[in-house]
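Worth knowing before you read on, the calculation uses all heavy atoms, side chains too, and leaves out hydrogens, waters and symmetry mates. Below, chains carry the letters A, B, ... as their sequence lines are ordered, and counting in each starts from 1.
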Protein chains: 2
Amino acid sequence: MATTNTEKRARLPKEKWYKIHLFRGMINDVQRRIPFYSSDWIDAWDYRVIPATVYMFFANILPALAFSLDMFHKTGMQYGVNEVLLASVLGAVVFSLGACQPLVIVGVTGPITVFNYTVYDIMMPTGTNYLAFMCWIGIWSLIFHWILAITNSCNFLRYVTRFPCDIFGFYVAFIYLQKGIQVLEALGDGEPFYLSVVVGLLVFAIAYICGELGQSTLFKHPVRVFIKDYGTPLTVVFFTGFVHMGKMADIKLENLPTGRAFMPTVADRGWFIHFWDLRFEHVFLAIPFAVLLTVLFWFDHNVSALIAQGTEFPLKKPAGFHWDLFLLGLTTGVAGLLGLPFPNGLIPQAPFHTESLCVSEVIDSDDTDESAEGKKTDGNNNIFRATHVVEQRVSNLAQGLLTLVAMTGPLLVVLGLIPQGVLAGLFFIMGFQALQGNGTTLKLLFLMRDGRFTPANHPLKKIRRGAIWLFVTIELLGFGATFAITQTVAAVGFPIFIFLLIPVRALLLPKWIEAEALAVLDEPTASPFIMDGIGGTYGGKREEEKEEEEEGKIDDVELGQGGGGVVRRSNANAAASSAGHREDEISGV
Amino acid sequence: MATTNTEKRARLPKEKWYKIHLFRGMINDVQRRIPFYSSDWIDAWDYRVIPATVYMFFANILPALAFSLDMFHKTGMQYGVNEVLLASVLGAVVFSLGACQPLVIVGVTGPITVFNYTVYDIMMPTGTNYLAFMCWIGIWSLIFHWILAITNSCNFLRYVTRFPCDIFGFYVAFIYLQKGIQVLEALGDGEPFYLSVVVGLLVFAIAYICGELGQSTLFKHPVRVFIKDYGTPLTVVFFTGFVHMGKMADIKLENLPTGRAFMPTVADRGWFIHFWDLRFEHVFLAIPFAVLLTVLFWFDHNVSALIAQGTEFPLKKPAGFHWDLFLLGLTTGVAGLLGLPFPNGLIPQAPFHTESLCVSEVIDSDDTDESAEGKKTDGNNNIFRATHVVEQRVSNLAQGLLTLVAMTGPLLVVLGLIPQGVLAGLFFIMGFQALQGNGTTLKLLFLMRDGRFTPANHPLKKIRRGAIWLFVTIELLGFGATFAITQTVAAVGFPIFIFLLIPVRALLLPKWIEAEALAVLDEPTASPFIMDGIGGTYGGKREEEKEEEEEGKIDDVELGQGGGGVVRRSNANAAASSAGHREDEISGV
């Protein structure tokens, strides 16, 4: 490929990559994706779409309920179940219909709940109209998002390697675990508290067992997949009933607070926010918050999209980060006007969605000369390879419409039966599973492992152990600083910490850790094909190679303007570098 | 070996094996072991003895405390902590000093607690003196044990294959789980109940994690072993303190009931039971109970001894089942006279003891032509092989004396702080771990496993799947029948059910399952070397081979009379047959 790029560079006029061509990224995105738009609906005529829809509905709604409980408590009941559900619906409809990458699931995340209640804590003493203030944050954010989309800011995504993503993921996982504890803590100290702890622990344990069974070699493949996909929803259903059995029936448990069908939680407001009903200076006070929100969303949404299009998924349709950022600005503004928590790309739901649409085949046992990417071996050394992903818009739209159904009267009553202890258990399992797959965790496990039991060809074995320690220590410091600030009233500033990790990676890490080690320790988040639209990959290669490629990739973008006939190019180098991490994950199974 | 035996048979006068030579087994046992007696003390000058002693103390005392709580509740407080501890001390002292096989740890087991409280339930309505009645059961049992020892009954142990052992182990595991639930149930339904459930679940979870870490590849070997060996005791210590922290401090939890130092739990009796203080006819009514107890002990103790001397341990000193049965009669009688629950061989503590005394070495990676018995591989294909066991009497004696120290005033106070919820968690983890290693569980897992992920050379893959199903179904039926009767007032009859499994295996199974399949499904419990003293192995081989060997083995015994110069003979056949089961256990890690 390097040769091809060099050739292209020779043919094209040399141009500095940072020269801003307004709207170019968005236009490229749309031009490249439009040819696939009709196929996005036709390709949905596939069996995989149905299980993916049902699975995503549950994977989406359960955390949403947990977050809504958290925000309900901490924002003076301004945000409740209906707001969170409607935000999911809004995200699903807009992104499934209009996004360049419709695989990305959009909804309410953990970080945004932290953001929302910190704004509440800061602003309520001023006696402001909270939802109107949030609305202004949304409006300003819309403007900032659009500016960032128009100026092709996503071209900087090449610097968002696994390093900041892993730290962010680690941070989110601990936020989940902490929320689980907080939900239980809020229940006081009587019988209901201890019963809720029991229920929370059991939900966690059973969801954990379901996850382990799903990855084990027990049962036939469809049974395993069923347990893995529906184990947690069924556990929630079971324990919602369980607490009414036997001697537990007499104990009054706190349930998930719900409101009326399709209505806002706060009784006396319509869906449209009276954003003019605010002190004039607060309109501008919303700007710094909007900046923070924009930083968070630029990072969080793009990372979700990158991971959902990770190297392990053989995607064939092009991505479109610039255009999708523009759409995200739109949903942020609309959410503000409707008094909803702002939705953005969900981790881990977005990658789960792609995974649930992945089709695998058994390939020949002797076919081992290819890279290990996206493959799984069984006891007889048969190899499973992901052949393609059912790339379409229907599963995202359908799960959003199912969420809308959950806002109807009868289903809201059902949701209102879920005990808070169950939601605490849900937070625990979400946090635990996020930690399990995290790159920082995997490196920590490597360091803790008895060296004799690590395969001799493990990539991390090729580099200095000190470099791994340094890298992991920096990751943990970054996590620690972000988590610490979240515990203070300055919590709203946490996106800055996360964002600062990008220059730390680009400018400082190369000074502290030699390039060879860094290439093994860190890697691009998505495959070169996905990164094509945003200026190529970064990291995971030595400097000279990288520079060469960066220039080459820009050329690709220029070439890509012509049409959408882009097919996936294999990059053995990046694939091999990511294979190390995949291996780790598989060995952890 | 077969040739050697044939030669021997040619040289010796032919004799029917079932012809009873009173005392011959016991005399053989002693004559073979006495030459090793002084070395049993000298060999104890080994580092392994110290961790083995400390480990066995905790592995022994924690279940003992759990059982004492159970019996205390269910025998009208006649048996308490001191009785159970003293029974352990009695067993440890007698067997470490006098047994042919001092590695077998003797103490109070789950089945004997079932026996004790069932006798209590049956006899208390007659208004009898419970401890005097139990004393008579002990005295009669002493007589029956001695008769069985004198008549060389242990020669029938060759028919005790893994089949009845696995069913018995399955049964005991479920008794543990049920006891854990019963301990919690007895705590009512208030705050203390739910807090105890929380504590029980957490103790189980942490002890489980410690067990998994011990078998993982994390940390260096000594750290792993420490976590595995001391994780559970440390968890018990931690949670004994934990329940006094924060908001839990106000909750009054039920603790382990303890008495005064070295004194019986029932205040107004001395240690010696007034066995004459009983209605005359009850002396004879004790006979059927004594028969049941003898059946239970003959089976349970010998199975413990067989497993503690399993094929995976490279033992070099001879066993002595006949003599040890005689000693067991003695401890049963003495325990009866002192009003203690009757001690016998402990599963899984007895095999744990041998394992903790095992010394391994790393052998050459290419040395793979030997059988897999007792070996473990690491990531670099180095192989660990158990080279020898520190066979001595000191660790058993020392752990018994430590248990005696636990009966002193200050330590009894400490034991009295343990919340019952912690003991429930201890029952859960004991039951779970017993199930984990059980042969029936492993066969069930094999049947449930996706065939594609089972190694192609798995022994069970060589036989009819229907045969495995039939075998496992029979095992589960045997377990079900035994467990069911335990729930009724006829619980005392459960030893009969277990005992009947031996003829089922010997007479019925060969009619239902072809010999080849049976040879893979079942195997001898201990190695041919251990079985030497009791007439050789049975099962795991085809009929003609078996008969040949049986005769051969009897000759061995006769030859063995001369002296103790017996060294271990390797039997590749038996080793290979057992290797299948080992493999299963390792793959389950």
Side-chain angles (χ1 to χ4, degrees), chain A residues 184-185 187-202 204-205 208-209 212-213 215-224 243 246-251 362 365 376-382 384 421 444-458 461 587-588, chain B residues 184-185 187-202 204-205 208-209 212-213 215-224 246-251 362 365 376-382 384 421 444-458 461 587-589:
Chain A
L184 291 176
E185 257 186 343
L187 296 175
D189 58 357
E191 275 186 339
F193 168 69
Y194 292 106
L195 175 55
S196 297
V197 175
V198 171
V199 168
L201 288 174
L202 289 176
F204 170 76
Y208 167 78
I209 292 169
E212 293 291 300
L213 280 180
Q215 294 183 312
S216 76
T217 58
L218 288 180
F219 312 115
K220 295 283 171 198
H221 183 254
V223 181
R224 276 205 301 275
V243 295
K247 53 177 100 165
M248 291 172 287
D250 303 334
I251 300 176
V362 179
S365 329
K376 214 175 157 182
T377 56
D378 69 6
N380 296 325
N381 286 323
N382 287 330
F384 295 89
L444 270 176
L445 287 178
F446 171 83
L447 289 171
M448 290 200 300
R449 190 162 291 142
D450 191 337
R452 292 181 304 180
F453 293 99
T454 316
N457 60 355
H458 194 289
K461 272 206 170 174
S587 76
Chain B
L184 290 176
E185 257 186 342
L187 296 175
D189 59 357
E191 278 186 337
F193 167 70
Y194 291 105
L195 175 55
S196 298
V197 175
V198 171
V199 168
L201 287 175
L202 288 175
F204 171 75
Y208 167 77
I209 292 169
E212 291 293 299
L213 280 180
Q215 294 182 313
S216 77
T217 58
L218 289 180
F219 312 116
K220 296 281 171 198
H221 184 254
V223 181
R224 277 204 302 276
K247 54 177 99 163
M248 292 173 286
D250 302 334
I251 300 177
V362 179
S365 328
K376 212 176 158 181
T377 57
D378 67 9
N380 297 326
N381 285 324
N382 287 328
F384 295 89
L444 269 176
L445 287 178
F446 172 84
L447 289 172
M448 289 199 301
R449 188 162 293 143
D450 189 338
R452 291 181 305 179
F453 294 99
T454 315
N457 60 354
H458 193 291
K461 272 205 169 175
S587 75
V589 170

My understanding is that only residues two or more places apart in sequence, or in another chain, count here; which of them pass side chain to side chain contact (heavy atoms under 4.5 Å, CB included) with B:Ile209?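 Side chain to side chain contact (heavy atoms under 4.5 Å, CB included) check on B:Ile209 returns B:Leu213.
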
Set of side chain to side chain contact (heavy atoms under 4.5 Å, CB included) partners for B:Phe204, sequence neighbours left out: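 With neighbours one apart ignored, the set is B:Phe428, B:Ile429, B:Phe432.
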
Can you tell me which portion of B:Ile251 sits under 4.5 Å from chain A's heavy atoms? Options are side chain, backbone, both or neither.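 The answer is the side chain of B:Ile251.
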
Minimum heavy-atom separation for B:Leu218 and A:Leu445, please, with both atom names.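 Where B:Leu218 meets A:Leu445 most closely, the heavy atoms are CD2-O, 3.6 Å.
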
Least distance between heavy atoms, B:Tyr194 atom then A:Leu195 atom: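 Scanning both residues, the minimum pair turns out to be CE2-CD1, 3.6 Å.
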
Let me confirm one number: the NZ-CG distance from A:Lys220 to B:Asp450, rounded to the nearest 0.5 Å.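 A:Lys220 atom NZ to B:Asp450 atom CG measures 5.0 Å (nearest 0.5 Å).
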
Picking from B:Leu201, B:Val223, B:Thr217, which has the most non-hydrogen pairs under 4.5 angstrom with chain A?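 Looking at each of B:Leu201, B:Val223, B:Thr217 in turn, B:Thr217 comes out on top.
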
